[in-house]
Amino acid sequence: MDLRELPLRERKKARTRQALAETALRLFTEKGFEATTLDELVDAVEVSKRTFFRTFPSKEDVALATDNELWSVFLAEVSVMEIRGPVTATFLAAVRTALGRMDDGWAERFLATRALCARVPAVEAHSLRYCNDTTRASVERLTARLGRDRGDVSLCLAVEISIAAWRHAALTWTDDGGDGGLPGLLDRLDHAFAAIPSAVTVSA
């Protein structure tokens with residue numbers, strides 16, 4: 001999103017959030033997650049701890065800001081987009097839209113975040129919890145839009161399968177060093193979702 005579209009106060013908040021996220025990721029990468037203190041982070045951005053905690057609940061959350069950028073846009077898109085056809089197709093369309101709205105540096109930050117997760121168990125654990133929260137929120141948005149019961153097994157499984165397809169695409173892309181940039185990630189995403197029909201019927 002172009003920050004110029006936001007009111008002045010919201011622009012300031014967004015810039016502070018961005019500065020904290022980018023600085024934290026740089027410090028965590030250079031010095032290590034545990035070795036970087038909150039005091040160092042807020043001093044580098046020239047904000048108070050109070051401002052930090054109004055923006056992020058914890059160090060783990062600021063480390064995963066790149067993930068939050070993507071999935072916040074995704075959930076907003078699911079809430080308003082036209083839904084037709086398979087839920088997996090809707091999920092793919094929403095993820096593609098969200099990726100298209102990320103800024104030019106997002107892919108590089110996402111790669112750095114995934115590398116941080118691989119090195120720091122606490123960040124990886126937080127990432128898995130965040131994934132569970134996003135899955136639950138996705139189910140809630142889609143059940144509300146489709147007028148389905150929250151316990152609808154088919155819908156829940158469709159979302160879980162979609163999350164698995166995303167994770168496969170994202171992890172293989174990061175394992176290959178972000179090969180092809182964001183277009184490369186989109187290609188892997190399309191390939192993973194195209195494999196869903198045959199994947200659910202795989203047999204010995």
Side-chain angles (χ1 to χ4, degrees), residues 14-75 91 95-96 98-138 159-189 191-193:
R15 289 193 178 107
T16 297
R17 182 182 182 86
Q18 183 176 10
L20 282 168
E22 292 180 355
T23 303
L25 190 56
R26 176 177 58 80
L27 290 173
F28 295 160
T29 299
E30 293 174 355
K31 296 189 60 179
F33 179 78
E34 296 295 345
T36 302
T37 66
L38 188 55
D39 285 330
E40 288 176 296
L41 173 55
V42 297
D43 285 347
V45 183
E46 298 183 332
V47 299
S48 65
K49 284 186 179 180
R50 182 178 178 184
T51 296
F52 174 87
F53 285 115
R54 281 203 304 261
T55 310
F56 294 101
S58 67
K59 279 176 66 177
E60 289 81 6
D61 284 290
V62 72
L64 295 171
T66 304
D67 295 57
N68 182 264
E69 288 176 45
L70 177 66
W71 295 106
S72 293
V73 175
F74 166 84
L75 290 171
F91 195 102
V95 174
R96 283 185 129 272
L99 285 168
R101 293 179 182 168
M102 296 298 99
D103 63 65
D104 292 340
W106 182 87
E108 184 177 350
R109 295 196 305 276
F110 183 74
L111 286 171
T113 301
R114 298 276 66 78
L116 186 65
C117 286
R119 295 193 305 271
V120 184
V123 177
E124 173 66 9
H126 206 77
S127 176
L128 292 173
R129 287 197 297 272
Y130 183 76
C131 181
N132 288 337
D133 291 343
T134 301
T135 301
R136 186 162 50 250
S138 300
V159 172
E160 293 278 4
I161 290 168
S162 297
I163 291 287
W166 154 258
R167 283 182 57 80
H168 174 80
L171 292 176
T172 57
W173 180 72
T174 55
D175 285 346
D176 287 340
D179 182 46
L182 192 55
L185 174 57
L186 289 167
D187 285 345
R188 289 174 190 251
L189 191 64
H191 181 74
F193 274 81

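When reading the values below, keep in mind they use all heavy atoms of this one structure, side chains included, and skip hydrogens, waters and symmetry mates. Since we're looking at a predicted model, the values are computed, not measured.
Separation of atoms CD (E108) and CG (L182) is listed at 12.5 Å; rounding is to 0.5 Å. Taking CG of L116 as the start and CG of L111 as the end, the distance is 12.5 Å to the nearest 0.5 Å. Rounded to the nearest 0.5 angstrom, D179 CG and D187 CG are separated by 9.5 Å. To the nearest 0.5 Å, the span separating CD on E46 from OG1 on T23 amounts to 10.0 Å. Put simply, CG on L20 and OG1 on T51 are 8.0 Å apart, with the number rounded to the nearest 0.5 Å.
W71 and F91 have tilted rings, their planes meeting at an angle from 30° to 60° on a 0 to 90° scale.
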Exercise for the section: Begin from the C-alpha positions of F52 and V62 and carry the test side-chain contact (heavy atoms from CB on, under 4.5 Å) through to its verdict. Expected result: CA-CA 9 Å; F52 174 87; V62 72; 4.1 Å; yes
Exercise for the section: Would you please test W166 and L70 for side-chain contact (heavy atoms from CB on, under 4.5 Å) and show each step? Expected result: CA-CA 12 Å; W166 154 258; L70 177 66; 3.7 Å; yes
Exercise for the section: I would like to know whether V42 and S48 meet side-chain contact (heavy atoms from CB on, under 4.5 Å); could you show each step before the answer? Expected result: CA-CA 6 Å; V42 297; S48 65; over 6 Å; no
Exercise for the section: List the steps, then state whether side-chain contact (heavy atoms from CB on, under 4.5 Å) holds for V73 with M102. Expected result: CA-CA 9 Å; V73 175; M102 296 298 99; 3.7 Å; yes
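Side chain of E40 to main chain of T37: a donor-acceptor pair is present (N/O by atom type, distance under 3.5 Å, no hydrogens or angles). A donor-acceptor distance shorter than 3.5 angstrom exists from the side chain of W173 to the backbone of G181, with no hydrogens or angles considered. Without hydrogens or angle criteria, R17 side chain to T55 main chain gives a donor-acceptor distance under 3.5 Å. Side-chain atoms of K49 do not come within 3.5 Å of backbone N or O of L38 as any donor-acceptor pair. T172 places a side-chain N or O within donor-acceptor distance of the main-chain N or O of A169, the cut-off being under 3.5 Å. No donor-acceptor distance shorter than 3.5 angstrom exists from the side chain of S127 to the backbone of V123, with no hydrogens or angles considered.
Remark: E124 engages no residue in a side chain to side chain donor-acceptor pair (under 3.5 Å) (not counting sequence neighbours). With sequence neighbours left out, R119 forms a side chain to side chain donor-acceptor pair (under 3.5 Å) with no residue at all. Judged as a side chain to side chain donor-acceptor pair (under 3.5 Å), and not counting sequence neighbours, T135 has no contacts.
Using a 4.0 Å cut-off between a side-chain N of Lys or Arg and a carboxylate O of Asp or Glu, R114 and D67 qualify as a salt bridge. Salt bridge annotation for R129-E60: absent, with no cationic side-chain nitrogen under 4.0 angstrom from a carboxylate oxygen.
The closest side-chain heavy-atom distance from R50 to R54 is below 4.5 Å.
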